[in-house]
Amino acid sequence: MRSAADPLIDDLNEEQREAVSAPAGPLLVLAGAGSGKTRVLTRRLAYLIREGADPMGLMAITFTNKAAREMTERVEPLLGARSHGMWVHTFHSACARLLRREITRFGYTTRFTILDADDQRAAARESLRELQLDEKRFAPAAVVGRISRAKQDLRTPEQERAAAKDPWSQKCAAVYERYQSKLERANSLDFDDLIVLGVRLLEDPEAGAPYREQFRHVLVDEYQDTNHAQYRLVRALVAAHRSITAVGDEDQSIYRFRGADVGNILRFEEDFPDARVVRLERNYRSTQAILDASGSVIGHNDRRYPKRLWTDRGRGSAVVLYQAADAGDEAVWVARQIRALRPEVEGFGDFAVLYRTRAQSRALEEALLGAGIPYVVVGDLRFYDRKEVKDALAYLRLVSNPMDWACFRRAVAAPRRGVGEATLAALAEHMAQTGESLPSALEHAGDIPGAGRAAAPLAAFAKLLEELRALAAGEGGQPAEVAEVVLAVLDRSGLYAELRAEGTEEARTRYENLGELVNVARQNGPQVGSGLEGLAQFLEQAALIADADQVPSGEGAVVCLTLHAAKGLEFPCVFLTGLEEGLFPHSRSLEDAEGIAEERRLCYVGMTRAKRRLFLSHARQRAQYGGGAIPGYPSRFLDEIDPAALEVQSSRREAGTSGMWTARAGRTPSAPAQARSGVPTRPLPGPDAAGALDLRAGDRVSHHRWGEGVVVEGASGANGEVTVDFPAAGRRVLVLGLARLQRV
DNA sequence: TGATTGCATATTTTT
DNA sequence: TATGCAATCA
């Protein structure tokens, strides 16, 4: 069948070929880090089309817009115009696209808006207030997380209520209910709703049928990161033709907190018993030294397909471990290394500095700035998250979707126009009582009790909105380009005028940001079209942009980013910082074994971003919020690397003497000797350390954080729970397999 | 109604 | 440290 010279296949290795040219049907590609995953995915798309598949019948799903764009761009040169018509989307944008056509059956209009994280929190906060729940006890962010989790598991408010056992959960279910009806009334969806409704559509016997029929082949990237709702979506999509290519790596599943279930990829062969499985273990990215180090870390996880990555690129330089005095020292060291290595690479863009939490970026920024090294921080403040941009977008969203209460609130107060809290409350109350819609209520705001005083400004505002809407819709003329509408909003809302009047440097920047928004609209104009449809399209794009989509490339600047944002990227030189217990693995994930397994995968992801040089670092002391310093103990992940493979460097400086990070006198706790002297070898016993897995009452043990203590209640086995009295920390219950207790 | 001030509080990761 | 929120005043 295959011709002698086949450009889609010839330059691939044997496993890659097998994956690309597998016949239609269920296929699982276990693609190790750096094994040419994207290449396989794009070639397979091209291959299927070449073998006769209709592009309209191909659906490729990724997690980021960037990945989707990359895929489209890489298929194009292989096939030219023949590739047009494929559906290459993120989960969210694919659903949004389907819903723009079908959402009316769920009671929304086609110009629904998509809420961002802030809007979600605001809606949750309002719901909490209405239910008179204390925001201290019910943090809006936590409640949103809870709601989000329910939706990811496809649970409705009613189901959530029925399943709630404790009072807290019951209250959350009530908030969920209210939150949901609030969104529905505002004709808006949150991120999770996009997927939830996508599933409802595709699983519907009638409404879903045409789509189940249309998509003859479905390709899913990063399958290990799918949550339950996404899994169901995929299952529904492939229900008719059963041709699915799932590509992923269970070792790189890092979105459990977002509902991702590694089980989805691990169960693939149960779901599709006739599945073909291809393993890509040849690595084209890193040196053997880097693969060995990362491989031995991830080897400490179970629940994985055993595999061993290999390369023929040679050993390369040893992985370097730096033991810093504190965060400042660590950052300065990173900057120095970058300076020293600069001649060996093409530009500063060849360096990446990774960290677990965003807060860590500050010290690094200071050091890079001080060293005169250009850098960018990924996800620092998204363009679309800037206040002035959000204000402008609020107007646009309101023009597109007049029922969007959250946007109304925002827009009506930017700039201030004499409509305050009291008026808004009266308006909300009126709408809740009468069930009247927002646009309708605005028409006769003067009659609403409590809102009378603001009648004039409200009427003026309603008139402004109506004018903007008429302009966009092109009533009496041509439908307006999106950029035109944006400009009109900036001019007529007073946003431009307000900033111009202010005259400060900051106002100028904001003014320029708004100008940039016009530019973006102008650039995207051809893609999104004009009129109200084009506007809705434009807003959807803006809402679904993610941090990871904005990683700058080839700009000659060091890239600073979280480990999560680094997934899917590669750099010649990588610094992985803050390898300390409690920070990485993070304390919030220490409670259960699966949490730690996920942190370990995150560590693996970070290490495998490196092509040639990998630098690890930890600090003996790290400043917490607001000044105080706490001792930092080397991460257990460092123990999991063969010490002989590490080149250890240690700061001789005492902790807390580096510039701004100076610790307050007397606050410096005395760390145990091993933490002071560093960790060339294993300073702490691993989870399997002999003797510490079987403890009885009366045994004396030592804990890395709380020092010595006496066992009150014994236990044995890795899952055993012991109760220990620590003079320093009181009585604690610890899981033997996790606590790394040492017998004294 | 809207701006200012002072205090409390938080920090994991994000489509 | 930096941000956001609530109380307070103009």
Side-chain angles (χ1 to χ4, degrees), chain A residues 61-68 89-96 114-118 120-122 125 135-136 139-142 144-145 148-149 151-152 189-196 198 222 225-227 229-230 253-260 327 354-363 366 378-379 381-382 385 387 412-425 451 453-454 457 540 543-550 561-567 578 582-591 595 598-599 601-603 605-606 622-628 660-661:
Chain A
I61 310 178
T62 63
F63 272 85
T64 65
N65 293 293
K66 185 160 169 268
H89 287 284
T90 64
F91 271 103
H92 298 271
S93 68
C95 288
I114 300 170
L115 264 52
D116 68 18
D118 279 344
Q120 280 184 279
R121 244 172 286 132
R125 185 172 292 123
E135 283 176 47
K136 298 268 157 53
V144 167
S148 178
R149 173 51 65 90
K151 292 185 179 182
Q152 283 155 9
L189 311 186
D190 61 23
F191 290 126
D192 301 305
D193 285 335
L194 289 167
I195 313 289
V196 171
E222 312 275 19
D225 279 327
T226 48
N227 61 35
Q230 290 163 334
S253 172
I254 56 172
Y255 283 112
R256 193 173 77 117
F257 69 92
R258 206 168 71 190
L354 312 187
Y355 38 81
R356 178 70 239 270
T357 67
R358 296 215 131 141
Q360 289 168 256
S361 74
R362 191 158 304 134
E366 302 263 357
V378 174
L381 179 57
R382 284 168 63 233
D385 283 341
K387 181 190 172 300
V412 82
R416 302 273 170 200
R417 46 167 62 82
V419 178
E421 254 338 289
T423 309
L424 289 172
R453 194 139 65 96
E540 177 184 313
L544 295 180
I545 291 221
D547 286 344
D549 296 324
Q550 312 208 307
L561 70 182
T562 63
L563 284 151
H564 284 88
K567 193 170 76 154
L583 183 61
F584 191 22
H586 196 273
S587 52
R588 295 285 292 263
S589 53
L590 248 41
E591 280 139 35
E598 173 126 327
E599 295 282 307
R601 291 192 288 264
L602 202 47
C603 184
V605 166
R622 193 169 288 270
Q624 270 205 325
Y625 56 92
M660 39 164 301
W661 290 94

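All heavy atoms count here, side chains included; hydrogens, waters and symmetry mates do not. By convention in this document, chain letters (A, B, ...) are assigned in the order of the sequence lines, proteins followed by strands, and residues within each chain are numbered from 1. Here the structure is a predicted model, which is why all the values come from computation and not from measurement.
Between the OH atom of A:Tyr355 and the P atom of B:dT11 there is a distance of 17 Å, given to the nearest Å. Residue A:Leu194 contributes atom CG, which lies 10 Å from atom C1' of B:dT15 at whole-angstrom precision. If you take CG of A:Asn227 and P of B:dT15, they are 14 Å apart, rounded to a whole angstrom. We find that NZ of A:Lys66 is positioned 15 Å from C1' of B:dT15, with the value rounded to whole Å. Distance CG (A:Asp116) to P (B:dT14): 15 Å, rounded to an integer number of Å. Here B:dT13 presents its C1' atom at 12 Å from CG of A:Asp225, a figure rounded to the nearest Å. Between the NZ atom of A:Lys151 and the C1' atom of B:dT15 there is a distance of 14 Å, given to the nearest Å. Here B:dT13 presents its P atom at 14 Å from CG of A:Leu354, a figure rounded to the nearest Å.
The backbone N or O of A:Ile254 sits less than 3.5 Å from a side-chain atom of A:His564, completing a donor-acceptor pair. A distance-only check finds no donor-acceptor pair linking the side chain of A:Glu598 to the backbone of A:Gly595 [under 3.5 Å]. Judged by distance alone, the side chain of A:Gln230 and the main-chain N or O of A:Asn227 form a donor-acceptor pair under 3.5 Å.
Positionally, the nearest nucleotide of DNA chain B for A:Arg588 lies more toward the 5' end than for the other of A:Asn65 and A:Arg588.
Ring-to-base geometry places A:His586 in a stacked arrangement with B:dT12 (centre distance under 5.5 Å, plane angle under 30°).
For A:Arg356, taking side-chain heavy atoms from C-beta onward, the closest of the listed nucleotides C:dA2, B:dA3, B:dT13 is B:dT13. The side chain of A:His564 sits closest to B:dT14 out of B:dT15, B:dT14, C:dC5. Comparing B:dT11, B:dT12, B:dT13 by their nearest atom to the side chain of A:Ala359 picks out B:dT11. The A:Thr423 side chain lies nearest to B:dT1 when the options are B:dT14, B:dT1, B:dT15. Considering only side-chain atoms of A:Thr357, the nucleotide from C:dC5, B:dT13, B:dT14 that sits closest is B:dT13.
For the pair A:Thr226/A:Tyr255, no side-chain contact is recorded, criterion being any heavy-atom separation below 4.5 Å from C-beta on.
Nucleotides C:dC5 and B:dT12 have their C1' atoms positioned 23 Å apart, rounded to a whole Å. Rounded to a whole angstrom, the distance from the P atom of C:dG4 to that of B:dT13 is 15 Å.
Residue A:Ser587 places none of its side-chain N or O atoms closer than 4.0 Å to OP1 or OP2 of B:dT12.
Residues that satisfy the salt bridge (Lys or Arg N to Asp or Glu O under 4.0 Å) test with A:Arg356, not counting sequence neighbours, are A:Glu599.
Note on A:Arg416: only backbone sugar-phosphate atoms sit closer than 4.0 angstrom, heavy atoms only; bases stay farther off. Residue-level contact check: A:Arg417 touches the backbone only, with heavy atoms under 4.0 Å from sugar-phosphate atoms and none from bases. When heavy atoms are screened at a 4.0 angstrom cut-off, A:Phe257 is found touching base atoms of the nucleic acid. Residue contacts for A:Arg358: at a heavy-atom cut-off of 4.0 Å it reaches the sugar-phosphate backbone alone, with no base atom in range. Residue A:Arg125 is in sugar-phosphate contact alone, with no base atom involved, counting any heavy-atom pair closer than 4.0 Å across all strands shown.
Residues A:Leu563 and A:Gly606 approach most closely at CD2-CA, 3.6 Å, considering heavy atoms.
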